[in-house]
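Since the structure is predicted, the reported quantities are computational estimates derived from the model, not experimental observations. One-based numbering, in listed order, for ligands and for the atoms of each.
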Amino acid sequence: MATVRRTSCNLCEAICGVLVTVEGGRVTDIRGDEADPLSRGHICPKAVALRDLQEDPDRLTQPVRRTATGWQEMGWEEAYTYVADQLRSVQKAHGKNSIGVYLGNPNVHSVGAMTHMPTLVRLLKTRNRFSATSVDQLPHMLACHLLYGHQLMVPVADIDRTSYLLMLGANPLASNGSMMTAPGFGRRLKELQKRGGRVVVIDPRRTETAAVADEHHFVRPGTDAAFLLALIHEVLRDGSAKPAQYVDGLDVVESVTREWTPERAASVTGIPAEDIRRIAREFAAAETAACYGRLGVSTQQFGAICQWAVQVLNIITGNLDRPGGSMFPRPAVDTLRGIGRGHIGVWKSRVRSLPEFGGELPASVMAEEISTPGDGQIRAMVTIAGNPVLSTPNGRKLDEALETLDFMVCVDPYINETTRHADVILPPTPPLEREHYDLAFHQLAVRNTARWNDAVLPRPSESRHDWEIFRGLGLALLRDAPRSRKTAVASLRLRLSPRRVVDLGLRIGPYRLSVRKLRKSVGGVDLGPLQPALPGGLYTKSKRIDLVPALIVDELPSAFEALFADRDGDGLLLIGRRHLRSNNSWMHNSARLVKGKPRHQLLMNPDDLRERDLSDGQLVEISSASGTVSVEVASSNDMMPGVVSLPHGFGHGRPGAKLSVANQVAGASANDVTDAALTDHVSGTAALNGVPVKVTAAPAG
Ligand SMILES: Nc1nc2c(c(=O)[nH]1)N[C@H]1C(S)=C(S)[C@@H](COP(=O)(O)OP(=O)(O)OC[C@H]3O[C@@H](n4cnc5c(=O)[nH]c(N)nc54)[C@H](O)[C@@H]3O)O[C@H]1N2
Ligand SMILES: Nc1nc2c(c(=O)[nH]1)N[C@H]1C(S)=C(S)[C@@H](COP(=O)(O)OP(=O)(O)OC[C@H]3O[C@@H](n4cnc5c(=O)[nH]c(N)nc54)[C@H](O)[C@@H]3O)O[C@H]1N2
Ligand code: SF4
Ligand SMILES: [Mo]
């Protein structure tokens with residue numbers, strides 16, 4: 001008999017409610033849940049992959065260990081003990097920091113990872129911690145830490161009420177939105193336009209989102225800081241600034257942006273000065289407006305300045321914390337309370353002296369920390385839900401470095417480009433076998449809602465949830481540790497189930513909910529539109545906002561020099577992109593998702609092709625300071641001249657990776673040409689966009 005179960009899809013940040021039909025223990029249908037007050041029935045093609053993940057024969061269900069004759073299954077308890085012993089012996093021989101940890105993207109999509117993984121990582125006591133944050137949203141978190149006092153106090157564009165949305169470096173029609181949970185982004189944009197509102201997109205590619213916007217401007221990659229500072233300059237110049245009374249430092253903003261004129265910005269961005277002036281005027285005059293800058297203005301050399309400037313623009317035009325502007329969500333579990341406010345530069349990386357942020361070093365230094373000998377060198381790696389060989393800059397170098405380690409353990413369901421180097425792989429249950437409450441994305445949602453999901457399918461007895469793996473490993477590490485208050489607390493934290501932790505969070509949260517109450521609500525509880533929260537909600541000691549943190553302002557003169565320096569004329573700049581039927585580095589093993597037209601090509605403007613005697617469809621070589629890859633080129637009028645686009649997450653087919661479908665997917669890894677040496681000057685975030693490259697015909701044969 002068929003039963004329909006309610007859950008949500010957690011493959012991306014949109015957290016869409018879905019209805020899953022199960023017949024005889026198997027999923028037969030997945031569709032959108034109209035009763036979900038946030039997603040209102042929206043889903044995308046990736047939802048069907050929930051079923052493919054469930055049924056994928058390549059997915060591991062038990063721990064495996066690498067032996068001379070191949071991978072061998074092992075028992076869970078045996079695996080925990082073995083891994084804990086190996087990690088401890090590496091640390092005994094080489095010191096605490098000899099263990100490196102990489103935490104990948106899917107951790108934030110799993111409640112068990114959110115509740116249990118941090119405790120495990122703390123037990124490892126290493127400073128060599130890395131995560132996807134520093135190839136992604138670190139500049140947002142830094143800006144929010146500096147301005148609002150908490151790294152996760154991130155305002156989101158109030159898309160459902162705004163009358164002017166200015167978007168930079170975001171393509172939500174492919175990505176479904178990020179650092180802004182707004183399922184059905186396309187529908188929300190249409191509603192905005194129907195209300196008479198305006199959508200303006202700034203992107204070096206005429207993206208799917210640009211195509212539905214009212215206005216799109218090409219921008220030369222990496223130069224958005226000049227555009228944003230010119231907008232601020234203009235708003236201040238024509239006297240239309242109206243910051244709230246709890247904002248300090250407007251006069252300093254005025255003086256540090258004095259030279260950042262629209263004319264100067266036009267000369268490097270390619271956006272005409274009169275358009276910059278008009279956008280500034282329209283933004284400031286709009287009834288309500290929100291500026292939203294995402295990946296493209298984060299993972300670039302001036303990411304921190306861009307994200308700071310986005311906030312400053314919202315603040316000085318009076319749009320922060322007002323309906324229709326840029327607002328702070330108030331989720332049913334206050335995630336901010338459980339997470340530190342953030343800090344930067346408390347220690348630096350050993351080899352290159354890049355700053356930590358919130359206890360993590362930039363992923364761009366990971367390979368060199370493994371391969372450079374000396375005190376504090378990484379000798380063992382732990383990866384949890386990450387595939388950094390494909391996801392971090394200069395991935396080839398990391399690929400090679402991982403092979404030199406004394407020990408490596410991965411918590412991951414697949415033997416892929418990264419985990420093929422492991423000694424032990426510990427696979428967690430797939431999404432449909434897990435309970436879920438979204439601790440991460442209700443914190444970033446454009447409407448306050450809450451939902452609890454029971455598991456759709458039972459967990460097979462031989463499988464373990466990710467939190468059970470963290471508990472097992474953590475307790476194994478604690479076994480020989482001297483008893484103290486700290487170890488007692490860690491052990492208690494590891495033993496509480498995610499359900500208990502969420503229930504507690506809901507009960508002490510602002511709406512006094514509970515798992516029981518949520519389980520009774522069909523599709524989730526609607527807690528209403530976003531509400532003003534400042535200044536009381538600020539995490540700054542003064543309960544005021546200082547617009548001009550030294551870390552950013554001190555960097556402006558050298559950014560000015562770098563941005564307006566003479567440029568080498570004929571170089572191309574490489575940027576990335578996403579596609580609706582693809583998800584970072586790991587979902588190409590779903591045949592239904594990858595079918596259809598290839599999506600891995602290098603996109604290039606026809607004039608740039610012609611100039612190099614290249615033609616559409618030809619195999620080309622892309623080379624940068626860090627490497628060379630070959631891939632087919634596709635001619636595209638949607639590309640800004642001088643800019644080429646290659647998606648990341650491809651480049652499968654490496655020896656030993658057990659991905660029967662993905663290994664057949666063509667394409668090269670963009671991160672074999674991105675450069676670990678290129679980082680955001682302030683935060684150390686990888687500059688994955690705006691990489692100087694040459695494109696030539698691939699040698700015949
Ligand atoms: N050039 C370039 N590089 C980029 C980007 C770009 O735009 N351009 N984007 C960057 C961004 S924004 C991000 S977030 C990173 C993402 O890069 P990563 O942090 O590496 O994350 P994914 O690529 O999503 O890889 C997910 C890994 O987790 C495993 N996995 C999947 N589900 C689960 C689970 O539930 N539990 C566990 N334990 N494992 C699971 C998969 O098998 C895979 O190995 O890539 C970054 N890299
Ligand atoms: N289908 C799908 N959805 C996803 C993912 C996925 O892989 N596939 N990944 C998820 C993850 S981990 C994340 S972080 C989000 C990211 O979500 P988004 O931020 O929306 O990411 P992208 O779609 O890569 O859009 C980034 C845009 O920045 C542009 N860009 C590049 N360089 C510059 C620049 O210098 N200036 C400006 N203004 N623009 C620039 C690119 O052309 C691109 O259109 O998506 C998430 N959702
Ligand atoms: S947009 Fe697609 S991938 Fe993202 S949560 Fe919704 S259905 Fe899942
Ligand atoms: Mo991301």
Side-chain angles (χ1 to χ4, degrees), residues 8-18 30-32 36 39 42-50 53 58-60 102-110 112-113 117 130-138 169 172 175-179 181-185 294-296 298-299 363 383-393 395 410-419 425-431 433-434 438 441 465-466 469-470 574-578 580-581 583-587 589 593 645-650 657 659 662 669-674 685-689 691:
S8 51
C9 171
N10 300 303
L11 294 172
C12 89
E13 300 177 35
I15 56 173
C16 300
V18 291
I30 295 181
R31 57 188 59 201
D36 185 305
S39 63
H42 177 265
I43 52 165
C44 84
K46 279 192 297 301
V48 303
L50 287 170
L53 288 175
D58 289 336
R59 182 171 59 79
L60 302 173
Y102 177 83
L103 308 172
N105 173 278
N107 283 307
V108 286
H109 296 280
S110 161
M117 182 264 288
F130 310 92
S131 82
T133 289
S134 54
V135 284
D136 188 350
Q137 82 289 355
L138 170 50
S175 70
N176 282 300
S178 181
M179 295 300 273
T181 289
F185 211 111
R294 197 41 200 109
L295 192 93
S298 193
T299 51
T383 72
I384 303 175
N387 189 4
V389 164
L390 294 191
S391 318
T392 63
C410 301
V411 181
D412 202 291
Y414 287 102
I415 303 175
N416 63 19
E417 297 76 14
T418 297
T419 61
I425 304 176
L426 305 169
T429 48
E433 292 175 10
R434 305 201 283 236
D438 216 297
F441 298 108
H465 296 305
D466 51 3
I469 298 172
F470 304 133
L574 176 72
I575 61 169
R577 68 174 184 274
R578 284 172 161 74
L580 206 50
R581 303 182 71 96
N583 198 18
N584 292 334
S585 74
W586 71 283
M587 280 178 53
N589 216 41
L593 213 52
S645 158
L646 188 70
H648 75 290
F650 289 85
L659 299 165
S669 174
N671 286 318
D672 288 345
V673 276
T674 58
T685 306
L688 303 167
N689 288 290
V691 179

K.L.:
Can you check which of Leu60, Ile575, Val135 brings a heavy atom nearest to atom 15 (C) of ligand 1?
P.N.:
Val135
K.L.:
Between Arg578 and ligand 1, which residue portion shows a heavy-atom distance shorter than 4.0 Å: side chain, backbone, both, or neither?
P.N.:
side chain
K.L.:
Heavy atoms, side chains only, cut-off 4.5 Å: are Phe130 and Pro388 in contact?
P.N.:
no
K.L.:
Does the N or O separation between Thr429 and ligand 1 drop below 3.5 Å for any pair?
P.N.:
no
K.L.:
Closest non-hydrogen protein atom to atom 23 (O) of ligand 1, residue and atom name please, with distance?
P.N.:
Ser585 OG, 2.6 Å
K.L.:
Under 4.5 Å between any side-chain heavy atoms of Arg434 and Asp466, yes or no?
P.N.:
yes
K.L.:
Any nitrogen or oxygen of Tyr102, main chain or side chain, under 3.5 Å from a nitrogen or oxygen of ligand 1?
P.N.:
yes
K.L.:
Applying a heavy-atom cut-off of 4.0 Å, say which part of Pro106 lies close to ligand 1: side chain, backbone, both or neither.
P.N.:
side chain
K.L.:
Can you count the protein N/O/S atoms lying under 2.8 Å from atom 4 (Fe) of ligand 3, leaving waters out?
P.N.:
1
K.L.:
Would you confirm whether Asn583, through its side chain, and Cys12, through its main-chain N or O, come within 3.5 Å as a donor-acceptor pair?
P.N.:
no
K.L.:
Just to be sure I read this right, does ligand 1 sit under 4.0 Å from the backbone of Asn671, its side chain, both, or neither, counting only heavy atoms?
P.N.:
side chain
K.L.:
Taking the side chain as C-beta and beyond, is there a heavy-atom pair between Arg294 and Thr299 under 4.5 Å?
P.N.:
no
K.L.:
Do the side chain of Asp36 and the main chain of Cys16 share a donor and acceptor less than 3.5 angstrom apart?
P.N.:
no
K.L.:
Is Asn387 in polar range of ligand 1, meaning some N or O pair under 3.5 Å apart?
P.N.:
yes
K.L.:
Within the side chain of His109, is there an N or O that forms a donor-acceptor pair under 3.5 Å with the backbone of Asn10?
P.N.:
yes
K.L.:
Side chain to side chain contact (heavy atoms under 4.5 Å, CB included) for Asp438 and Thr181? Distances and angles first, verdict last.
P.N.:
CA-CA 11 Å; Asp438 216 297; Thr181 289; over 6 Å; no
K.L.:
Considering only non-hydrogen protein atoms, determine which one is nearest to atom 37 (C) of ligand 1 and report residue, atom name and distance to 0.1 Å.
P.N.:
Ala385 CB, 3.4 Å
K.L.:
Pick, from Ser391, Gly296, Ser134, the option with the minimum heavy-atom distance to atom 45 (O) of ligand 1.
P.N.:
Ser391
K.L.:
Which atoms from ligand 1 have a heavy atom of Arg434 less than 4.0 Å away?
P.N.:
35 (O)
K.L.:
Apply the side chain to side chain donor-acceptor pair (under 3.5 Å) test between Asn387 and each candidate in Asn105, Thr418, Thr392, Asp412; give the one that qualifies.
P.N.:
Thr418
K.L.:
Looking only at non-hydrogen atoms, find the nearest pair between Pro45 and Leu593 and report the distance.
P.N.:
O-CD1, 3.5 Å
K.L.:
Step by step, would you call Ser175 with Arg578 a side-chain hydrogen bond (donor to acceptor under 3.5 Å, both in side chains)?
P.N.:
CA-CA 6 Å; Ser175 70; Arg578 284 172 161 74; over 6 Å; no
K.L.:
Of the options Asn584, Val135, Leu390, which is the one that meets His648 in a side-chain contact (heavy atoms from CB on, under 4.5 Å)?
P.N.:
Asn584
K.L.:
Check the pair Asn671 / Leu688 against side chain to side chain contact (heavy atoms under 4.5 Å, CB included), numbers first and verdict last.
P.N.:
CA-CA 8 Å; Asn671 286 318; Leu688 303 167; 3.6 Å; yes
K.L.:
Would you mind running through ligand 1 and noting each atom that sits below 4.0 Å from a heavy atom of Leu295?
P.N.:
7 (O), 12 (S)
K.L.:
Before giving the answer on side chain to side chain contact (heavy atoms under 4.5 Å, CB included), spell out for Phe441 and Val108 the whole-Å C-alpha distance, their side-chain angles and the decisive distance to 0.1 Å.
P.N.:
CA-CA 8 Å; Phe441 298 108; Val108 286; 3.9 Å; yes
K.L.:
Within the 4.0 Å heavy-atom shell around Gly386, which atoms of ligand 1 are there?
P.N.:
20 (O), 27 (C), 28 (O), 44 (O)
K.L.:
If only atom types and distance count, is the side chain of Asn416 paired as donor or acceptor with the main-chain N or O of Thr419 below 3.5 Å?
P.N.:
yes
K.L.:
Identify the closest protein heavy atom to atom 32 (N) of ligand 1: which residue and atom is it, and at what distance?
P.N.:
Trp586 CH2, 3.5 Å
K.L.:
Any sub-3.5 Å donor-acceptor pair from Thr383's side-chain atoms to Cys410's backbone N or O?
P.N.:
no
K.L.:
Which residue and atom name correspond to the protein heavy atom nearest atom 2 (C) of ligand 1, and how close is it?
P.N.:
His648 CB, 3.3 Å
K.L.:
Give the atom numbers and elements of ligand 1 that come within less than 4.0 Å of a heavy atom of Pro428.
P.N.:
36 (N), 37 (C), 38 (N)
K.L.:
Could you list which atoms of ligand 1 come closer than 4.0 Å to a heavy atom of Val411?
P.N.:
37 (C), 38 (N), 39 (N)
K.L.:
Could you list which atoms of ligand 1 come closer than 4.0 Å to a heavy atom of Leu688?
P.N.:
2 (C), 3 (N), 4 (C), 5 (C), 6 (C), 8 (N)
K.L.:
List ligand 1 atoms under 4.0 Å from Asn416, heavy atoms only on the residue side.
P.N.:
42 (O), 43 (C), 44 (O)
K.L.:
Return yes if some donor-acceptor pair links the side-chain N/O of Ser39 with the main-chain N/O of Pro183 below 3.5 Å, else return no.
P.N.:
no
K.L.:
For atom 29 (C) of ligand 1, what's the nearest protein heavy-atom neighbour? Residue, atom name and distance, please.
P.N.:
Asp412 OD2, 3.1 Å
K.L.:
Touching ligand 1 at all, Pro413? Heavy atoms, strictly under 4.0 Å?
P.N.:
yes
K.L.:
Give the atoms of ligand 1, by number and element, whose distance to some non-hydrogen atom of Gly104 is under 4.0 Å.
P.N.:
19 (O)
K.L.:
Can you check side-chain hydrogen bond (donor to acceptor under 3.5 Å, both in side chains) on Glu13 and Ser178, steps first, answer last?
P.N.:
CA-CA 6 Å; Glu13 300 177 35; Ser178 181; 2.8 Å; yes
